[in-house]
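Heads up: numbering here begins at 1 and tracks the sequence. This is a predicted model, so every value here is computed, not measured.
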Amino acid sequence: MRALVVEELSADYSGCVVKDIPTPEPKPGEVLIKVRAGAVNFPDLMQTRGEHQHKPTVPFVPGMELAGEIAALGDGVTGWNVGDAVAAGARGGFAEYAVAPALGLHAKPAGLSFGQAAGYPVAYLTAYVALVRRAQVQPGEWVLVHGAAGGVGLACVDMAKLLGCKVIAASASDDKLAVIEREYAPDATVNVTKGFKDRVKEITGGRGADVIYDPVGGDVFDESVRCIAFDGRILSIGFTSGRLPVLPVNYALIKGFSVMGVRAGEYGRHFPQKGAENIAAIWAMADQGQVKPRVDQEFGLGDWQAAFDTLSERKVVGKTIIRPDL
């Protein structure tokens, strides 16, 4: 099979190559999936450089989210059949075939394309854990979403609207904000390059945002501290800006707000029952057509670097997909 293989860790992807490798065999409890779509996430880029907390041993095939059709069943697998359309969290999604644990499979919702299904679970699970489990948002609360054009940010815009919140979508691009406004109808938008503290306070009637969803960090976090409402919650999702912010805790004391770290997968590992409920909840939303995961662009396996560049160069609104069949 053809696959994108990371043979050496490198800052410029020079250790990555598309090549023919043996098709994997499913072990007991696993299935072999013919990959129709693999979603590109920032951790995939980081893993090619050895910068992510999960460091696979080289050589390895990146790609943690995929959708496709079951091609073979490992011993002991029940409840699934060859040909079933599924989505899965797996290792090695940027290839023509990949193996995944059968227990982690989900039937592809009929209303989602393979690309939408591949890019759905990580982003929407992060948004769900952040908003429901950590912030415990209430209908009518103001939610400021930074990085709103990215995969996890756009999922939060979609999820917050579904939960009855008032949403302010924030991005550094007016063009991206126009797409979000047209397709997701947030209550307001702000361009962070022009400063957003005063605009957020104006939108919220001087109160500030009740919840701030921050996958960016850096200067965005610093300014967010200045427009969080009293008793508000700042959700720290990641640091795509490249700078880890430092909080002067007297700000938290005076304004009475909390900073909450969000790691959706780790939350489920610490609280298995809640983790199972979280996963069931997001897939139920997809099955019922309540959410709108957005695929921005799709690339063939041979164009993997162009696909990666859409994330590293901040060109994407929603998710970028690699399709081995293109």
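- Each salt bridge (charged side-chain N to carboxylate O under 4.0 Å, His left out) pair with one or both residues in residues 281-308, not counting sequence neighbours, appears once here: Glu183-Arg294, Arg294-Asp296, Glu298-Arg323.
- The distance from the CD1 atom of Ile234 to the CZ atom of Phe221 is 4.5 Å, given to the nearest 0.5 Å.
- Between the side chain of Lys315 and the backbone N or O of Asp309 there is no donor-acceptor pair closer than 3.5 Å.
- What you find for Ala71 and Tyr97 is that their closest heavy atoms are CB-CE2, 4.0 Å.
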Given side chain to side chain contact (heavy atoms under 4.5 Å, CB included), test Ile70 with Leu105 step by step and report yes or no. CA-CA 10 Å; Ile70 295 177; Leu105 295 181; 4.0 Å; yes

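- Annotation: the span from Met46 atom CE to Ser312 atom OG amounts to 13.0 Å, rounded to 0.5 Å.
- Counting heavy atoms of neighbouring residues, nucleotides and ligands inside a 6.0 Å radius, atom CZ of Phe196 exceeds 12 of them.
- In the hydrophobic clustering of this structure, Val129 groups with Val145; members are Ile, Leu, Val, Met, Phe, Trp, Tyr whose side-chain heavy atoms approach within less than 4.5 Å, directly or through other members.
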Scan the side chains in residues 20-36 for donor-acceptor partners under 3.5 Å anywhere in the protein, sequence neighbours excluded, and list what turns up.
from: Glu30; atom 1: OE1; to: Lys27; atom 2: N; distance (Å): 2.9
from: Arg36; atom 1: NE; to: Glu69; atom 2: OE1; distance (Å): 3.1
from: Arg36; atom 1: NH2; to: Glu69; atom 2: OE1; distance (Å): 2.7

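- In this structure, the side-chain contact (heavy atoms from CB on, under 4.5 Å) partners of Ile203, at least two apart in sequence or on a different chain, are Trp142, Ile168, Ala188, Val190, Arg199.
- Checked against the 6.0 Å centroid threshold, Phe271 and Tyr267 count as a close aromatic pair.
- When side chains are defined from C-beta on, Tyr213 counts as touching Ile237, because their heavy atoms get closer than 4.5 Å.
- Contact of the Pro56 side chain with the Arg91 side chain is not registered, since no non-hydrogen atoms from C-beta on lie closer than 4.5 Å.
- Put simply, Tyr128 and Leu144 are part of two different groups of oily side chains (I, L, V, M, F, W, Y) that touch within less than 4.5 Å, one to the next.
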Please list every donor-acceptor pair under 3.5 Å in which a side-chain atom of residues 250-264 meets a protein atom from a residue at least two apart or in another chain.
from: Tyr251; atom 1: OH; to: Arg226; atom 2: NH2; distance (Å): 3.0
from: Lys255; atom 1: NZ; to: Val225; atom 2: O; distance (Å): 3.2
from: Lys255; atom 1: NZ; to: Ile228; atom 2: O; distance (Å): 3.2

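- The shortest side-chain heavy-atom distance between Gln47 and Val6 does not fall under the 4.5 Å cut-off.
- Judged purely by atom type and a 3.5 angstrom limit, Tyr120 uses its side chain to pair as donor or acceptor with the backbone of Ile282.
- With sequence neighbours excluded, no residue forms a side-chain contact (heavy atoms from CB on, under 4.5 Å) with Thr78.
- Side chain of Glu96 to main chain of Pro324: no donor-acceptor pair is present (N/O by atom type, distance under 3.5 Å, no hydrogens or angles).
- Residues Met159 and Ile279 fall within the same hydrophobic cluster, defined by Ile, Leu, Val, Met, Phe, Trp and Tyr side chains chained together at heavy-atom separations under 4.5 Å.
- Every side-chain contact (heavy atoms from CB on, under 4.5 Å) that Gln138 has, sequence neighbours left out, goes to Glu141.
- Hydrophobic clustering places Leu66 together with Val77 (ILVMFWY residues linked when any side-chain heavy atoms are closer than 4.5 Å, directly or through intermediates).
- Residues meeting the side-chain contact (heavy atoms from CB on, under 4.5 Å) test with Thr189, sequence neighbours left out: Ala169, Leu177, Glu181, Pro186.
- At a threshold of 4.5 Å between side-chain heavy atoms, the hydrophobic network of Ile, Leu, Val, Met, Phe, Trp and Tyr places Phe60 and Val5 in two separate groups.
- Contact annotation: the side chain of Glu223 never approaches that of Asp219 to less than 4.5 Å [non-hydrogen atoms, C-beta and beyond].
- Within the 4.5 Å cutoff, no side-chain heavy atoms of Met285 are placed close to those of Tyr124.
- Through direct or indirect side-chain contacts shorter than 4.5 Å among Ile, Leu, Val, Met, Phe, Trp and Tyr, Val249 is connected to no other residue.
- Here the closest heavy-atom approach between residue Ser241 and residue Val216 is recorded as OG-O, 2.8 Å.
- The two residues Cys165 and Asp187 have their closest heavy-atom pair at O-OD2, 4.0 Å.
- Annotation: side-chain hydrogen bond (donor to acceptor under 3.5 Å, both in side chains) contacts involving residues 162-175, sequence neighbours excluded, comprise Asp174-Asn191, Asp174-Lys194.
- In this structure Glu266 satisfies the side chain to side chain donor-acceptor pair (under 3.5 Å) test together with Arg269, His270, sequence neighbours excluded.
- Remark: the backbone N or O of Ser236 is not paired with any side-chain donor or acceptor of Asp214 at under 3.5 angstrom.
- The distance from the CG atom of Asn278 to the CZ atom of Arg133 is 4.5 Å, given to the nearest 0.5 Å.
- Without hydrogens or angle criteria, Asp158 side chain to Leu154 main chain gives no donor-acceptor distance under 3.5 Å.
- If you chain together ILVMFWY residues whose side-chain heavy atoms come under 4.5 Å of each other, Tyr13 ends up grouped with Leu4, Val18, Val40, Phe42, Leu45, Phe94, Leu301, Trp304, Phe308, Leu311, Val316, Ile322.
- The nearest pair of heavy atoms linking Val291 to Ala286 is CG2-CA, 3.8 Å.
- Residues Glu277 and Val132 are not in side-chain contact: their nearest non-hydrogen atoms beyond the backbone lie 4.5 Å or more apart.
- The side chain to side chain donor-acceptor pair (under 3.5 Å) check on Thr204 picks up nothing, with sequence neighbours excluded.
- Side-chain atoms of Pro293 and Lys319, non-hydrogen and from C-beta on, never get closer than 4.5 Å to each other.
- Heavy-atom minimum distance, Cys227 versus Lys201: CA-CE, 4.1 Å.
- With contacts defined as side-chain heavy-atom distances shorter than 4.5 Å, the pair Cys156/Leu131 qualifies.
- Of all the heavy atoms in Ala67 and Ala117, the pair that sits closest is CB-CB, 4.1 Å.
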